[in-house]
Protein chains: 2
Amino acid sequence: MPDEIHAEAVEAPQGDVAADAVADRLRERISRGELPPGTPLRDAALAGELGVSRNTLREAVRLLVHEGLAVHQLYKGAAVKRLDVADVHDIYAARRCVELRAVEESVYSPTEALENLDRRVTEAERAAAAERWNEAGTFSLGFHRAVVHLLGSARLDRFFDTTAAQLRLAFAEFPQEQDFQAQYVPRDRVVCDLLRSGGRAEAATALRQYLDDSERQVVDMVRAAAAARQN
Amino acid sequence: MPDEIHAEAVEAPQGDVAADAVADRLRERISRGELPPGTPLRDAALAGELGVSRNTLREAVRLLVHEGLAVHQLYKGAAVKRLDVADVHDIYAARRCVELRAVEESVYSPTEALENLDRRVTEAERAAAAERWNEAGTFSLGFHRAVVHLLGSARLDRFFDTTAAQLRLAFAEFPQEQDFQAQYVPRDRVVCDLLRSGGRAEAATALRQYLDDSERQVVDMVRAAAAARQN
DNA sequence: CTAGCAGGATTGTTCATCAAAATTGAGCCC
DNA sequence: GGGCTCAATTTTGATGAACAATCCTGCTAG
């Protein structure tokens, strides 16, 4: 019998510590756009809201800053990171590096791993067909994550995750714009099929184009967001 | 007039907060092997030693855990990470991905950036000639960092830094073994010169061999350390 | 209208406290 | 002697209150 439950129920997501759990919840909120870029993360308020002490919350926020999801100014506290154009270029440079390499090395991947790719794209296609755009975008990123996973490095997987989480900040400012991203699902399909049929070089070319186009679009979004902010 | 100075003088390394400064100092200590892998990071003791509160120290340790320099067990605290063979494979998979990609993309790099590579190798050579092996190893890693830097992504640079810091954990267990690493300096030179002369493919091949050999050696080191621990 | 100055709010950091779990060690049984 | 139990001690995880330093805001004075 729950005697008293705080604003948001306190379920331990990991077999781990409170600060990590809090960080998870903040990450989640940020990624769904609930805490849009620029939102100040005031520790007293958030601590109360999440039912933890200010100290614990501060630890969590520090992790987010370390992950690049928030920025910090001395005596001014933390705020959800706002991507600028340079960030987007940086993120896509990182994606190109990791994803293209993964494609090139995919010859060594077991077919089982390649089947996994197919599953992700199929998920994304289903979501797109049902016009659940947001979900389609998530699954699409899942496909790219699976591509990186071909390299077999947990550290690279983690790096991709944090980078992708940062990229979501761009969409978080423009929730409706996520629809646009769904247009990339067919191109995921192309890359996926080329990979499975061994068309390594073609897959790399297609993926590079994909990333270039996507980058351009996200840059435009970020610029638009900056302009809208100026109004 | 310093009225009272704590065990280790408290200079703010960043224009930032105490926890980050403490994390820096712990990182430094770990990387120079002063806190060898397996060392428990007891917060009361370290907090006293560094002249900060237990809370602040805990924030710093959590950052180290997040970076993979320490591991954490609930109710058992944190300890300096001890690399296992899987970690080494993982780290080298990441290095191959990032460094080889950098070499392949180096065609687009300004010659000025390539000159920077040369400077690093020269530093390493000088240190090796003077038989300052430890320093030579540091400069050698600096060369590889500069290679990654060709990709122009601050995020990839950071990723390489944390990965390299983890790799140092292997050497931290065997301080004397750093000598062996110095033997790689001539091979850095080869890769560097091939890059500057535009021998992109050859540079990639040489670098891949380099990484394979280095990985083998580090794996052996880790195995030896595990065996020695068993004694 | 602007400069500057209170006063309140927020941050950065420390300290003291408490429960929960791990570790230690003494005593005990076989 | 070897191995076990169980209590005392230590360490961790987390909280709440305190305080100085800095910021923000709104008011006043010129």
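Every chain is numbered from 1 and lettered A, B, ... according to where its sequence line falls, protein lines coming before strand lines. Computed from a predicted model, the values in this text were never measured in an experiment.
For the OP1/OP2 pair of D:dC24 and a distance below 4.0 Å, the side-chain nitrogens and oxygens of A:K76 include at least one atom meeting the criterion. Side-chain nitrogen and oxygen atoms of A:R58 include none within less than 4.0 Å of the OP1 or OP2 phosphate oxygen of C:dT11. When the side-chain nitrogen and oxygen atoms of A:T56 are compared with OP1 and OP2 of D:dT15, one or more of them lie within a distance under 4.0 Å. Contact between the side-chain N/O atoms of A:H72 and the OP1/OP2 oxygens of C:dT11 is not found at any separation under 4.0 Å.
For the pair B:D43 CG and D:dA14 P, the computed distance is 12 Å after rounding to whole Å. If you take CG of B:L41 and P of D:dT11, they are 14 Å apart, rounded to a whole angstrom. Nucleotide C:dG12 holds its P atom 10 Å from the CG atom of B:D20, rounded to whole Å. Taking atom CZ of A:R42 as the reference point, atom C1' of D:dC24 lies 10 Å away to the nearest angstrom. In this structure, CD of A:E59 is placed 14 Å from P of C:dG12, rounded to the nearest angstrom. When rounded to the nearest whole Å, the span between CG of B:L74 and C1' of D:dT12 equals 9 Å.
Put simply, the side chain of B:E135 never gets that close to the backbone of B:R126: no donor and acceptor are under 3.5 Å apart.
Of all nucleotides listed (D:dG13, C:dT14, D:dA21), C:dT14 comes nearest to the side chain of B:S53. The side chain of B:V52 lies closest to C:dT14, out of D:dT22, C:dT14, D:dT12. Here the nucleotide nearest the side chain of A:Y75, chosen from C:dA21, D:dA21, D:dA14, is D:dA21.
Residue-level contact check: B:Q73 touches the backbone only, with heavy atoms under 4.0 Å from sugar-phosphate atoms and none from bases.
The minimum heavy-atom distance between B:A172 and B:P37, with the atom names listed, is CB-CD, 3.9 Å. Of all heavy-atom pairs spanning A:V218 and A:F171, the tightest one is CG2-CZ, 4.2 Å.
For A:N55 and A:G77, each mapped to the nucleotide of DNA chain C holding its nearest heavy atom, the one lying further toward the 5' end belongs to A:G77.
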Any chance you could lay out the salt bridge (charged side-chain N to carboxylate O under 4.0 Å, His left out) test for B:R158 and B:D161, step after step, and finish with the verdict?
CA-CA 5 Å; B:R158 257 178 72 85; B:D161 284 341; over 6 Å; no
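Looking at A:R54, its side chain has no donor and acceptor atom pair within 3.5 Å of the base of C:dT11.
Taking the six-membered ring where tryptophan is involved, the planes of A:H144 and A:Y210 are tilted, since the angle between them lies from 30° to 60°.
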